[in-house]
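Just the heavy atoms: all of them, side chains too, but no hydrogens, waters or symmetry mates, feed the values below.
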2 protein chains.
Amino acid sequence: MKRITIKDLAKHLLLSTSTISRALVNDKNIHPDTKKKILDAAEKLGYKPNPTALNLKYGQSKNIGFVVPEMITPFSSTVLRGIQNILYPLGYRIIIMQSDENPLIERKNLLLLEEFNVDGIIINLCHETYNHDVYQQIIDRGIPLVFFDRIPDKSLDAPKVMVNDNIKASLMIEHLIDTGRKKIVHIMGPSTIRNATERAMGYKRILTKHGIFDPDLLIKTEGASFEHGRIAAQQLLSKNIEFDSIFAFTDTLAIGAMNYLLEQGIQIPEEVAIASFSGTELATIVHPQLTSVEQPLVQMGEVAAGLILEKIKDNTISNKTIVMDAALIYRASTRG
Amino acid sequence: MKRITIKDLAKHLLLSTSTISRALVNDKNIHPDTKKKILDAAEKLGYKPNPTALNLKYGQSKNIGFVVPEMITPFSSTVLRGIQNILYPLGYRIIIMQSDENPLIERKNLLLLEEFNVDGIIINLCHETYNHDVYQQIIDRGIPLVFFDRIPDKSLDAPKVMVNDNIKASLMIEHLIDTGRKKIVHIMGPSTIRNATERAMGYKRILTKHGIFDPDLLIKTEGASFEHGRIAAQQLLSKNIEFDSIFAFTDTLAIGAMNYLLEQGIQIPEEVAIASFSGTELATIVHPQLTSVEQPLVQMGEVAAGLILEKIKDNTISNKTIVMDAALIYRASTRG
DNA sequence: CTGAAAGCGCTAACAA
DNA sequence: TTGTTAGCGCTTTCAG
């Protein structure tokens, strides 16, 4: 079942390979009749261009790397959808690497992608500073690197796609206060993640403004999994800390915490309101459904894909940081 | 930032490209000193082999297609992890395509993968029979095609990885009966999916054996999303059908149904016990946690990857169907 | 308008 | 032990 090539067509039609190629690439220097004959034959014999040959010729792999902390939650898969929307029609392939929230694996993944000869990499960090050298190295080697969601600090000059974590977190806290909550816990993600500190800053600022900031209510976690959320809630209860609401760094933390509270017989939202930050479907598949800051994940993917295409076309253009809007969606977990 | 090639090394060291190549591929016909010199230079200049050139040379793309109905739930991402475990170390890239549970998109994806020149495809169907012709065509063209989870009927000769849906469903129903449930609803998936009919058969067989099968308790859905689960639960209530438990085709259906019942103030598991079939993390992130048949997803991925490697190596070997074991995990949703 | 030939990076006969 | 050459599939000068 050998692939049929341009050569086979040439032999079949007693023409040169260059003529065949001309017909196929819509070159003007070809007689319409010849062209038609070739196209018909190509169709009949089931000719398919070999992308590998083109890649070699043009020095591109048409592969884009996509590096994310995990794909278990819908967060990255949703962003991926946006990326695919843009990149697949253009003939790009996307290679996905999961870092398991482990900077060492992230590092390995990045190096592997370089081996794979990708034309660019879109990445959501698992740890802000750990692999700074590798990011810089990749950029220096001329491979476009686009960051989204968890981006590195300003010292790294690269295209970035993000939302305004600080402000959106502030707004969510304002909402909790508006609905009568006073003892607002924040389950903060690891401070090695920029978003975690940004969201925490928004939280702190508003509470301070209202004169109700209490450091005991700020719980820092080691990670952002469901389990970390559970543990945070457990801590709150075991320390006998009084609270009437929780704002969590992510859906996963919020859900983990909520489930633990529910298991302890605590009423959500009557006794404790819960709000999160993400934009994944997870917020709506739990009961009660979660109030949360919803990021436009698909569009973030599309924008990231657009940025990488720009850089692939011309690596010298200056790097944009795109700040996207996120929406506060109020659901049952903060009502009542 | 041009990539450095074998040619650059040759020029640099005043050697021929073949000698360079020999050093790089560990050929024995080379003087140790020369070899060392070359390897050192390669290291120093940052030489990286160009996979595209090799692919062209050997007629392989080292790309494997992975086609799934969706990646929003952790199901496919977990299987993917298993596939990556096996395939990444071997230098394969994995191209992921989501079919959105739409046979037309699945068809398009498959065709696109063919264009992409993949060496093989691992697929979880979104509809059993609709694209039968394309599957056959791909196989006929010599591209190994491995099915997992939702597999096609016997008429298609290809490697398959599955669990024993029928038996495991039966065991779960027995469990519900053992714990005192008598009016057991089954939320069945679309009958265009083989697993759905298999699991439904297990359900029906056991209930019939116990003389308590009631066709009114078998709800067929149009899909397997959370929303479909909600709708099913809604139907049950609006039709005033009495039931004390639900066995759902998937986690998603179970969760959708459970949330609807919870919203209506129905106690889970006191009034209605819920069990599902899947093996994803979803079962443990809801409250109460779901009893379910857990498939060994990572291993399924590893096995599928193994099967495709076998077929890539020798496409003439006969096709195996691997039936994996699944475990019944009892959680809070069926207690009490 | 068409053909011949070179070249993308690499390997593998075949010579030397 | 090393060098020369052809070729993987395709496009693109350069001749004709």
statement: The reported gap from CG in A:N55 to OG1 in B:T52 (rounded to nearest 0.5 angstrom) is 5.5 Å
Protein-nucleotide distance (B:I30, atom CD1; D:dG3, atom C1'), rounded to Å: 12 Å
field: Short N-O contact, B:E114 and B:R141, less than 4.0 angstrom
entry: yes
query: Just how far, in rounded Å, is C1' of C:dA12 from CG of B:D27?
result: 9 Å
query: Just how large is the angle between the end axes of the helix from C:dC1-D:dG16 to C:dA16-D:dT1, five pairs per end, to 10 degrees?
result: 60°
Ionic contact status for B:D133 with B:R107, cut-off 4.0 Å: yes
message: If you apply the rule salt bridge (charged side-chain N to carboxylate O under 4.0 Å, His left out), what do you find for A:R150 with A:E106, and how did you get there?
response: CA-CA 13 Å; A:R150 303 189 191 167; A:E106 179 184 288; over 6 Å; no
field: Presence of salt bridge, A:K313 and A:D119, under 4.0 angstrom
entry: no
- prompt: Within this structure, what is the NZ-to-P distance between B:K11 and D:dG3, rounded to whole angstrom?
  reply: 15 Å
statement: With sugar-phosphate taken as primed atoms, P, OP1 and OP2 and all else as base, the protein-contact string of nucleotides 3-10 of chain C at under 4.0 Å (heavy atoms; B, S, -) is BB--BBBB
message: Measure CG/B:N29 against P/C:dA13 and give the value in whole Å, please.
response: 12 Å
Electrostatic pair A:E43:A:K37 at N-O distance under 4.0 angstrom: no
- prompt: Which word best sums up how the rings of B:Y135 and B:F147 line up, parallel for under 30°, tilted for 30 to 60°, or perpendicular for over 60°?
  reply: perpendicular
- request: Measure up the A:Y130 and A:H127 rings against each other and bin them: parallel (under 30°), tilted (30 to 60°), perpendicular (over 60°).
  value: perpendicular
